[in-house]
Protein chains: 2
Amino acid sequence: MENKFHSLRQHFEELYSLTDEEWDFIEPHFHFKTLKKHQFLIQAGQAVNFEYWIINGLVKAYHIDDKGKEHILQFAMEKYWVSDHCAFQHQEPGTIFVDCLEDSEFFYLSLEDREKICLAVPAVANFFRVKSNHGYINLQKRVLSLLTMTAEDRYQYLVTKLPALIQRVPKKLIASYLGVSRETLSRFNS
Amino acid sequence: MENKFHSLRQHFEELYSLTDEEWDFIEPHFHFKTLKKHQFLIQAGQAVNFEYWIINGLVKAYHIDDKGKEHILQFAMEKYWVSDHCAFQHQEPGTIFVDCLEDSEFFYLSLEDREKICLAVPAVANFFRVKSNHGYINLQKRVLSLLTMTAEDRYQYLVTKLPALIQRVPKKLIASYLGVSRETLSRFNS
DNA sequence: ATAAAAATGTGATTTAGATCACTTTTAGCT
DNA sequence: AGCTAAAAGTGATCTAAATCACATTTTTAT
(Lines give C-alpha, C1' and ligand atoms only; values in the text may rest on other atoms or scores of the structure.)
Protein backbone atom coordinates (compact mmCIF):
# COMPACT_ATOMS: atom_id res chain seq x y z
CA MET A 1 0.00 0.00 0.00
CA GLU A 2 1.27 3.43 -1.05
CA ASN A 3 2.43 6.09 1.37
CA LYS A 4 -0.04 8.99 1.47
CA PHE A 5 2.88 11.42 1.18
CA HIS A 6 3.86 9.96 -2.16
CA SER A 7 2.08 12.64 -4.18
CA LEU A 8 3.76 15.39 -2.15
CA ARG A 9 7.22 13.96 -2.66
CA GLN A 10 6.47 13.64 -6.34
CA HIS A 11 5.40 17.29 -6.38
CA PHE A 12 8.71 18.38 -4.86
CA GLU A 13 10.66 16.16 -7.21
CA GLU A 14 9.04 17.69 -10.28
CA LEU A 15 11.55 20.51 -9.79
CA TYR A 16 14.51 19.15 -7.80
CA SER A 17 15.12 15.52 -6.97
CA LEU A 18 15.60 14.36 -3.40
CA THR A 19 17.42 11.48 -1.80
CA ASP A 20 15.44 9.09 0.43
CA GLU A 21 17.37 10.49 3.40
CA GLU A 22 16.33 14.03 2.52
CA TRP A 23 12.70 12.99 2.13
CA ASP A 24 12.73 11.11 5.42
CA PHE A 25 13.84 14.34 7.04
CA ILE A 26 11.28 16.52 5.23
CA GLU A 27 8.16 14.37 5.50
CA PRO A 28 7.52 14.49 9.27
CA HIS A 29 7.23 18.28 9.11
CA PHE A 30 4.03 17.97 7.14
CA HIS A 31 0.70 17.21 8.79
CA PHE A 32 -2.56 16.01 7.35
CA LYS A 33 -5.94 17.67 7.52
CA THR A 34 -9.32 17.10 5.94
CA LEU A 35 -12.24 19.50 5.61
CA LYS A 36 -15.73 19.29 4.17
CA LYS A 37 -17.33 21.71 1.74
CA HIS A 38 -18.08 25.11 3.35
CA GLN A 39 -15.59 24.62 6.17
CA PHE A 40 -12.91 27.23 6.74
CA LEU A 41 -9.20 26.59 6.36
CA ILE A 42 -8.24 30.16 7.30
CA GLN A 43 -10.25 33.03 8.74
CA ALA A 44 -9.46 36.75 8.63
CA GLY A 45 -8.53 38.20 12.01
CA GLN A 46 -6.91 35.01 13.23
CA ALA A 47 -3.30 33.88 13.30
CA VAL A 48 -2.18 32.04 10.18
CA ASN A 49 0.12 29.34 11.42
CA PHE A 50 0.39 27.19 8.32
CA GLU A 51 0.67 27.03 4.62
CA TYR A 52 -1.29 24.27 2.93
CA TRP A 53 -0.76 21.95 0.01
CA ILE A 54 -3.96 20.62 -1.47
CA ILE A 55 -3.97 16.85 -1.99
CA ASN A 56 -7.43 17.00 -3.52
CA GLY A 57 -10.44 19.28 -3.44
CA LEU A 58 -10.98 22.94 -4.21
CA VAL A 59 -10.86 26.08 -2.09
CA LYS A 60 -11.29 29.78 -2.59
CA ALA A 61 -9.08 32.44 -0.98
CA TYR A 62 -10.83 35.79 -0.67
CA HIS A 63 -11.00 39.13 1.03
CA ILE A 64 -14.18 40.72 2.35
CA ASP A 65 -14.29 44.50 1.96
CA ASP A 66 -15.96 47.05 4.28
CA LYS A 67 -19.24 46.74 2.34
CA GLY A 68 -19.24 42.99 2.93
CA LYS A 69 -18.41 42.20 -0.67
CA GLU A 70 -16.23 39.19 -1.37
CA HIS A 71 -13.20 39.48 -3.70
CA ILE A 72 -11.55 36.25 -4.76
CA LEU A 73 -7.77 36.26 -4.81
CA GLN A 74 -7.28 32.67 -5.81
CA PHE A 75 -8.98 29.39 -6.57
CA ALA A 76 -6.73 26.58 -5.42
CA MET A 77 -7.08 22.91 -6.23
CA GLU A 78 -5.05 19.68 -6.35
CA LYS A 79 -1.30 20.34 -6.12
CA TYR A 80 -1.74 24.04 -5.33
CA TRP A 81 -0.27 25.77 -2.31
CA VAL A 82 -2.58 28.06 -0.40
CA SER A 83 -2.43 30.32 2.64
CA ASP A 84 -2.79 33.93 3.65
CA HIS A 85 0.81 34.28 2.53
CA CYS A 86 1.28 37.77 3.90
CA ALA A 87 -0.03 36.97 7.37
CA PHE A 88 1.79 33.63 7.37
CA GLN A 89 5.13 35.11 6.35
CA HIS A 90 4.95 37.98 8.82
CA GLN A 91 3.20 35.98 11.54
CA GLU A 92 0.45 38.54 11.98
CA PRO A 93 -3.37 38.33 12.00
CA GLY A 94 -4.78 37.48 8.58
CA THR A 95 -7.03 39.49 6.27
CA ILE A 96 -7.98 36.62 3.97
CA PHE A 97 -10.52 33.83 4.28
CA VAL A 98 -9.98 30.43 2.76
CA ASP A 99 -12.85 27.97 2.63
CA CYS A 100 -13.69 24.78 0.81
CA LEU A 101 -15.82 24.70 -2.33
CA GLU A 102 -15.50 20.90 -2.25
CA ASP A 103 -14.48 18.37 0.39
CA SER A 104 -10.72 18.71 0.52
CA GLU A 105 -7.56 17.14 1.92
CA PHE A 106 -4.40 19.01 2.82
CA PHE A 107 -0.86 18.68 3.99
CA TYR A 108 0.23 21.64 6.05
CA LEU A 109 3.51 23.12 7.23
CA SER A 110 4.41 25.76 9.81
CA LEU A 111 6.66 28.74 9.02
CA GLU A 112 9.26 27.51 11.46
CA ASP A 113 9.30 24.08 9.84
CA ARG A 114 9.42 25.57 6.38
CA GLU A 115 12.52 27.58 7.30
CA LYS A 116 13.98 24.51 8.95
CA ILE A 117 13.64 22.24 5.93
CA CYS A 118 14.72 25.01 3.54
CA LEU A 119 17.92 25.50 5.48
CA ALA A 120 18.55 21.78 5.97
CA VAL A 121 17.75 20.68 2.42
CA PRO A 122 18.82 23.13 -0.32
CA ALA A 123 16.60 21.36 -2.88
CA VAL A 124 13.60 22.44 -0.82
CA ALA A 125 14.78 26.06 -0.77
CA ASN A 126 15.19 25.87 -4.52
CA PHE A 127 11.77 24.26 -4.88
CA PHE A 128 10.03 27.07 -3.03
CA ARG A 129 12.15 29.64 -4.82
CA VAL A 130 10.98 28.41 -8.22
CA LYS A 131 7.37 27.96 -7.05
CA SER A 132 7.24 31.51 -5.68
CA ASN A 133 8.71 32.78 -8.88
CA HIS A 134 6.00 31.05 -10.90
CA GLY A 135 3.36 32.47 -8.58
CA TYR A 136 4.84 35.93 -9.09
CA ILE A 137 4.77 35.55 -12.87
CA ASN A 138 1.14 34.41 -12.78
CA LEU A 139 0.13 37.35 -10.61
CA GLN A 140 1.89 39.75 -12.97
CA LYS A 141 -0.24 38.34 -15.76
CA ARG A 142 -3.33 38.84 -13.66
CA VAL A 143 -2.41 42.46 -12.91
CA LEU A 144 -1.83 43.05 -16.62
CA SER A 145 -5.17 41.44 -17.46
CA LEU A 146 -6.88 43.80 -15.01
CA LEU A 147 -5.10 46.81 -16.49
CA THR A 148 -5.46 45.97 -20.17
CA MET A 149 -8.52 43.79 -20.76
CA THR A 150 -12.26 44.40 -20.60
CA ALA A 151 -14.34 42.31 -18.20
CA GLU A 152 -15.64 40.20 -21.07
CA ASP A 153 -12.15 39.56 -22.48
CA ARG A 154 -10.95 38.47 -19.05
CA TYR A 155 -13.84 36.06 -18.85
CA GLN A 156 -13.30 34.62 -22.33
CA TYR A 157 -9.61 34.25 -21.56
CA LEU A 158 -10.34 32.35 -18.35
CA VAL A 159 -12.79 30.08 -20.19
CA THR A 160 -10.06 29.06 -22.62
CA LYS A 161 -7.33 28.88 -19.99
CA LEU A 162 -9.19 27.01 -17.22
CA PRO A 163 -12.37 25.53 -18.74
CA ALA A 164 -12.55 22.93 -15.96
CA LEU A 165 -12.70 25.63 -13.28
CA ILE A 166 -15.76 27.24 -14.90
CA GLN A 167 -17.57 23.92 -14.53
CA ARG A 168 -16.50 23.35 -10.93
CA VAL A 169 -17.31 26.81 -9.56
CA PRO A 170 -20.52 28.93 -9.46
CA LYS A 171 -20.43 31.78 -11.97
CA LYS A 172 -20.85 34.41 -9.28
CA LEU A 173 -17.50 33.35 -7.83
CA ILE A 174 -15.89 33.49 -11.25
CA ALA A 175 -17.31 37.02 -11.49
CA SER A 176 -15.78 37.93 -8.14
CA TYR A 177 -12.40 36.54 -9.23
CA LEU A 178 -12.50 38.56 -12.45
CA GLY A 179 -13.62 41.77 -10.78
CA VAL A 180 -17.01 41.94 -12.51
CA SER A 181 -20.51 41.91 -11.10
CA ARG A 182 -22.34 38.58 -11.46
CA GLU A 183 -25.08 40.33 -13.46
CA THR A 184 -22.61 41.65 -15.99
CA LEU A 185 -20.87 38.28 -16.27
CA SER A 186 -24.23 36.61 -16.80
CA ARG A 187 -24.71 38.77 -19.90
CA PHE A 188 -21.51 37.52 -21.54
CA ASN A 189 -22.12 34.53 -23.77
CA SER A 190 -19.98 31.51 -23.25
CA MET B 1 38.42 52.38 -1.73
CA GLU B 2 35.26 50.33 -1.46
CA ASN B 3 34.37 47.47 -3.76
CA LYS B 4 31.47 48.43 -6.05
CA PHE B 5 29.79 45.09 -5.25
CA HIS B 6 29.60 45.97 -1.59
CA SER B 7 25.97 47.16 -1.77
CA LEU B 8 24.94 43.98 -3.55
CA ARG B 9 26.57 41.74 -0.98
CA GLN B 10 24.91 43.78 1.74
CA HIS B 11 21.57 43.32 -0.03
CA PHE B 12 21.99 39.53 -0.02
CA GLU B 13 23.11 39.54 3.57
CA GLU B 14 20.03 41.41 4.72
CA LEU B 15 18.32 38.00 4.55
CA TYR B 16 20.99 35.31 4.86
CA SER B 17 24.62 35.89 5.75
CA LEU B 18 27.42 34.68 3.52
CA THR B 19 30.99 33.68 4.14
CA ASP B 20 33.73 35.48 2.23
CA GLU B 21 34.35 32.27 0.29
CA GLU B 22 30.70 32.12 -0.74
CA TRP B 23 30.73 35.75 -1.83
CA ASP B 24 33.92 35.30 -3.80
CA PHE B 25 32.15 32.54 -5.69
CA ILE B 26 28.95 34.55 -6.24
CA GLU B 27 30.33 37.95 -7.20
CA PRO B 28 31.95 37.13 -10.57
CA HIS B 29 28.57 35.97 -11.90
CA PHE B 30 27.27 39.52 -11.77
CA HIS B 31 28.10 42.09 -14.43
CA PHE B 32 27.85 45.83 -14.44
CA LYS B 33 25.89 48.05 -16.80
CA THR B 34 24.96 51.69 -16.95
CA LEU B 35 22.21 53.41 -18.95
CA LYS B 36 21.04 56.97 -19.39
CA LYS B 37 17.51 58.26 -19.04
CA HIS B 38 15.24 57.05 -21.90
CA GLN B 39 17.48 54.12 -22.79
CA PHE B 40 16.03 50.62 -22.87
CA LEU B 41 17.08 47.82 -20.56
CA ILE B 42 14.68 45.30 -22.10
CA GLN B 43 12.52 45.44 -25.22
CA ALA B 44 9.46 43.35 -26.06
CA GLY B 45 10.02 40.84 -28.83
CA GLN B 46 13.65 40.25 -27.91
CA ALA B 47 15.32 37.56 -25.83
CA VAL B 48 15.58 38.39 -22.13
CA ASN B 49 18.92 37.03 -21.08
CA PHE B 50 19.31 38.71 -17.72
CA GLU B 51 17.71 39.82 -14.54
CA TYR B 52 18.87 43.14 -13.18
CA TRP B 53 19.54 44.57 -9.76
CA ILE B 54 19.37 48.35 -9.65
CA ILE B 55 22.34 49.97 -7.92
CA ASN B 56 20.83 53.41 -8.42
CA GLY B 57 18.36 55.08 -10.72
CA LEU B 58 14.75 54.40 -11.65
CA VAL B 59 13.10 52.37 -14.39
CA LYS B 60 9.62 51.49 -15.49
CA ALA B 61 8.53 48.02 -16.66
CA TYR B 62 5.50 48.13 -18.91
CA HIS B 63 3.44 46.40 -21.52
CA ILE B 64 2.13 48.06 -24.68
CA ASP B 65 -1.31 46.85 -25.75
CA ASP B 66 -2.67 46.48 -29.30
CA LYS B 67 -3.97 50.08 -29.21
CA GLY B 68 -0.46 51.30 -28.38
CA LYS B 69 -1.38 52.16 -24.80
CA GLU B 70 1.27 51.69 -22.15
CA HIS B 71 0.45 49.81 -18.92
CA ILE B 72 2.99 50.00 -16.14
CA LEU B 73 3.67 46.77 -14.29
CA GLN B 74 6.35 48.08 -11.97
CA PHE B 75 8.47 51.04 -11.04
CA ALA B 76 11.84 49.80 -9.90
CA MET B 77 14.53 51.80 -8.14
CA GLU B 78 17.61 51.34 -5.93
CA LYS B 79 17.84 47.78 -4.54
CA TYR B 80 14.98 46.47 -6.67
CA TRP B 81 15.23 43.49 -9.00
CA VAL B 82 13.77 43.93 -12.44
CA SER B 83 13.35 41.89 -15.60
CA ASP B 84 10.69 40.46 -17.84
CA HIS B 85 10.51 37.63 -15.33
CA CYS B 86 8.28 35.42 -17.43
CA ALA B 87 10.41 35.64 -20.57
CA PHE B 88 13.60 35.34 -18.52
CA GLN B 89 12.46 32.27 -16.60
CA HIS B 90 11.16 30.47 -19.67
CA GLN B 91 13.86 31.81 -22.01
CA GLU B 92 11.37 33.02 -24.58
CA PRO B 93 10.85 36.37 -26.36
CA GLY B 94 9.65 39.08 -24.01
CA THR B 95 6.41 41.05 -23.94
CA ILE B 96 7.58 43.76 -21.57
CA PHE B 97 9.63 46.90 -22.07
CA VAL B 98 11.91 48.27 -19.38
CA ASP B 99 13.41 51.72 -19.80
CA CYS B 100 15.09 54.29 -17.62
CA LEU B 101 13.26 57.24 -16.09
CA GLU B 102 16.60 58.39 -14.69
CA ASP B 103 20.25 57.56 -15.44
CA SER B 104 20.71 54.15 -13.84
CA GLU B 105 23.32 51.56 -12.91
CA PHE B 106 22.75 47.84 -12.74
CA PHE B 107 24.24 44.52 -11.86
CA TYR B 108 22.92 41.75 -14.01
CA LEU B 109 22.83 37.97 -13.89
CA SER B 110 22.00 35.29 -16.46
CA LEU B 111 19.48 32.50 -15.79
CA GLU B 112 22.20 29.89 -16.04
CA ASP B 113 24.35 31.73 -13.53
CA ARG B 114 21.43 32.27 -11.21
CA GLU B 115 20.73 28.53 -11.17
CA LYS B 116 24.43 27.87 -10.72
CA ILE B 117 24.84 30.10 -7.67
CA CYS B 118 21.51 28.94 -6.19
CA LEU B 119 22.65 25.33 -6.37
CA ALA B 120 26.17 26.04 -5.16
CA VAL B 121 25.24 28.39 -2.31
CA PRO B 122 22.02 27.49 -0.45
CA ALA B 123 21.88 30.96 1.16
CA VAL B 124 21.39 32.40 -2.33
CA ALA B 125 18.55 29.97 -3.07
CA ASN B 126 16.98 31.02 0.21
CA PHE B 127 17.54 34.67 -0.58
CA PHE B 128 15.71 34.45 -3.90
CA ARG B 129 13.03 32.27 -2.32
CA VAL B 130 12.22 34.93 0.25
CA LYS B 131 12.51 37.79 -2.28
CA SER B 132 10.11 36.05 -4.67
CA ASN B 133 7.74 35.43 -1.83
CA HIS B 134 7.74 39.11 -0.91
CA GLY B 135 7.15 40.01 -4.54
CA TYR B 136 4.23 37.59 -4.63
CA ILE B 137 2.72 39.12 -1.51
CA ASN B 138 3.05 42.64 -2.93
CA LEU B 139 1.41 41.62 -6.19
CA GLN B 140 -1.46 40.01 -4.27
CA LYS B 141 -2.00 43.35 -2.58
CA ARG B 142 -1.98 45.08 -5.93
CA VAL B 143 -4.55 42.62 -7.35
CA LEU B 144 -6.73 43.20 -4.31
CA SER B 145 -6.42 46.96 -4.68
CA LEU B 146 -7.54 46.66 -8.30
CA LEU B 147 -10.50 44.49 -7.28
CA THR B 148 -11.64 46.41 -4.21
CA MET B 149 -10.65 50.06 -4.47
CA THR B 150 -11.78 52.98 -6.61
CA ALA B 151 -9.20 54.72 -8.80
CA GLU B 152 -9.05 57.63 -6.38
CA ASP B 153 -8.55 55.39 -3.36
CA ARG B 154 -5.73 53.57 -5.14
CA TYR B 155 -4.10 56.92 -5.85
CA GLN B 156 -4.44 58.20 -2.30
CA TYR B 157 -3.08 54.90 -1.01
CA LEU B 158 -0.04 55.16 -3.27
CA VAL B 159 0.55 58.74 -2.17
CA THR B 160 0.73 57.64 1.45
CA LYS B 161 2.69 54.46 0.71
CA LEU B 162 5.28 55.81 -1.75
CA PRO B 163 5.21 59.63 -1.53
CA ALA B 164 8.78 59.81 -2.93
CA LEU B 165 7.72 57.99 -6.11
CA ILE B 166 4.99 60.54 -6.83
CA GLN B 167 7.68 63.25 -6.84
CA ARG B 168 10.10 61.31 -9.02
CA VAL B 169 7.68 60.20 -11.73
CA PRO B 170 5.31 62.11 -14.08
CA LYS B 171 1.68 61.80 -13.02
CA LYS B 172 0.67 60.27 -16.33
CA LEU B 173 2.90 57.29 -15.52
CA ILE B 174 1.40 57.03 -12.05
CA ALA B 175 -1.99 56.97 -13.77
CA SER B 176 -0.86 54.16 -16.05
CA TYR B 177 0.42 52.17 -13.06
CA LEU B 178 -2.87 52.60 -11.23
CA GLY B 179 -5.03 51.74 -14.24
CA VAL B 180 -6.64 55.19 -14.54
CA SER B 181 -6.55 57.72 -17.36
CA ARG B 182 -4.25 60.69 -16.78
CA GLU B 183 -7.22 63.06 -17.10
CA THR B 184 -9.13 61.28 -14.35
CA LEU B 185 -6.06 61.18 -12.09
CA SER B 186 -5.54 64.89 -12.68
CA ARG B 187 -8.98 65.54 -11.19
CA PHE B 188 -8.10 63.83 -7.91
CA ASN B 189 -6.77 66.27 -5.34
CA SER B 190 -3.54 65.41 -3.65
C1' DA C 1 -40.49 14.21 -2.82
C1' DT C 2 -40.71 18.72 -1.26
C1' DA C 3 -39.39 22.91 0.82
C1' DA C 4 -35.79 26.25 1.29
C1' DA C 5 -31.76 28.27 -0.34
C1' DA C 6 -28.49 29.29 -3.85
C1' DA C 7 -27.52 30.43 -8.36
C1' DT C 8 -28.68 32.46 -12.58
C1' DG C 9 -31.00 35.45 -15.96
C1' DT C 10 -32.78 39.85 -17.48
C1' DG C 11 -34.74 44.52 -17.78
C1' DA C 12 -34.23 49.45 -16.21
C1' DT C 13 -31.37 52.92 -14.31
C1' DT C 14 -27.21 55.00 -12.58
C1' DT C 15 -22.35 56.06 -12.31
C1' DA C 16 -17.28 55.91 -12.26
C1' DG C 17 -14.23 56.69 -15.21
C1' DA C 18 -12.82 56.87 -20.35
C1' DT C 19 -12.36 59.55 -24.25
C1' DC C 20 -12.12 63.80 -26.92
C1' DA C 21 -10.74 68.50 -27.48
C1' DC C 22 -8.34 72.23 -26.16
C1' DT C 23 -5.51 75.33 -22.90
C1' DT C 24 -1.95 76.23 -19.61
C1' DT C 25 2.19 75.05 -17.22
C1' DT C 26 6.58 73.03 -16.65
C1' DA C 27 10.88 70.99 -17.99
C1' DG C 28 14.68 70.14 -21.34
C1' DC C 29 17.72 71.51 -24.82
C1' DT C 30 21.02 74.39 -27.74
C1' DA D 1 17.27 83.28 -22.74
C1' DG D 2 14.33 81.41 -25.92
C1' DC D 3 12.37 77.48 -28.25
C1' DT D 4 10.30 73.00 -28.20
C1' DA D 5 8.29 69.20 -26.29
C1' DA D 6 6.32 66.96 -22.64
C1' DA D 7 3.22 67.20 -18.73
C1' DA D 8 -0.77 68.70 -16.51
C1' DG D 9 -5.43 70.84 -16.03
C1' DT D 10 -10.26 71.18 -17.38
C1' DG D 11 -14.77 71.15 -19.71
C1' DA D 12 -18.05 68.28 -22.47
C1' DT D 13 -19.55 63.92 -23.82
C1' DC D 14 -19.76 58.98 -23.96
C1' DT D 15 -19.69 54.17 -22.33
C1' DA D 16 -18.63 49.88 -19.88
C1' DA D 17 -20.04 48.09 -16.18
C1' DA D 18 -22.35 48.65 -11.47
C1' DT D 19 -26.48 48.66 -9.09
C1' DC D 20 -31.32 47.78 -8.26
C1' DA D 21 -35.34 44.97 -8.72
C1' DC D 22 -37.49 40.98 -9.68
C1' DA D 23 -38.32 36.38 -12.16
C1' DT D 24 -36.70 31.76 -13.10
C1' DT D 25 -33.84 27.77 -12.58
C1' DT D 26 -30.92 24.67 -10.16
C1' DT D 27 -29.02 22.69 -5.81
C1' DT D 28 -29.09 21.13 -1.39
C1' DA D 29 -30.96 19.43 2.77
C1' DT D 30 -34.63 16.97 5.34
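Every chain is numbered from 1, with letters handed out A, B, ... down the list of sequences.
Both the sub-6.0 Å distance and the 45° axial angle are not jointly satisfied by B/R114 relative to the ring of B/F50. Within the cation-pi definition used here (under 6.0 Å to the ring centroid, within 45° of the axis), B/K33 does not qualify as a partner of B/Y52.
Atom-to-atom, NE2 of A/H71 to C1' of D/dA18 comes out at 13 Å; the value is rounded to the nearest Å. The distance between atom CG of B/L147 and atom C1' of D/dA17, rounded to the nearest whole Å, is 15 Å. The distance between atom CD of B/E70 and atom C1' of D/dA7, rounded to the nearest whole Å, is 14 Å. The distance from atom CG of A/L185 to atom P of C/dG9 is 9 Å, rounded to the nearest whole Å. If you take CG of B/L101 and C1' of D/dA7, they are 14 Å apart, rounded to a whole angstrom.
Looking only at atom types and distance, the side chain of B/N49 has no donor-acceptor partner in the side chain of B/Y108 under 3.5 Å away. Donor-acceptor pairing under 3.5 Å is recorded for the side chains of A/Y62 and A/D99. Judged purely by distance below 3.5 Å, without hydrogens or angles, the side chains of A/R129 and A/Y16 pair a donor atom with an acceptor atom.
Nucleic acid contact for B/K37: sugar-phosphate only, since backbone atoms but no base atoms lie under 4.0 Å from a heavy atom of the residue. Within the 4.0 angstrom heavy-atom criterion, only backbone atoms of the sugar-phosphate kind lie near A/K69; the bases stay farther away.
For B/S181 and A/L173, each mapped to the nucleotide of DNA chain C holding its nearest heavy atom, the one lying further toward the 5' end belongs to A/L173. Place B/G179 and B/H38 on DNA chain C by their nearest nucleotides, and B/G179 ends up nearer the 5' end.
At C/dA6, none of the side-chain N or O atoms of A/K171 fall inside 4.0 Å of OP1 or OP2 (strictly under the cut-off). At least one side-chain nitrogen or oxygen of B/S186 sits closer than 4.0 Å to the OP1 or OP2 atom of D/dG9. OP1 and OP2 of C/dG17 both lie 4.0 Å or more from every side-chain N or O belonging to B/T184.
With C/dG11, C/dT8, C/dT19 as the choices, the nucleotide that has an atom nearest any side-chain atom of B/R187 turns out to be C/dT19. Of the candidate nucleotides C/dA7, C/dT19, D/dA8, C/dA7 has the atom nearest to the side chain of A/K172. Considering only side-chain atoms of B/R182, the nucleotide from D/dA17, D/dG9, C/dT10 that sits closest is D/dG9. Checked against D/dA7, C/dC20, C/dA18, the side chain of B/E183 finds its nearest nucleotide in C/dC20.
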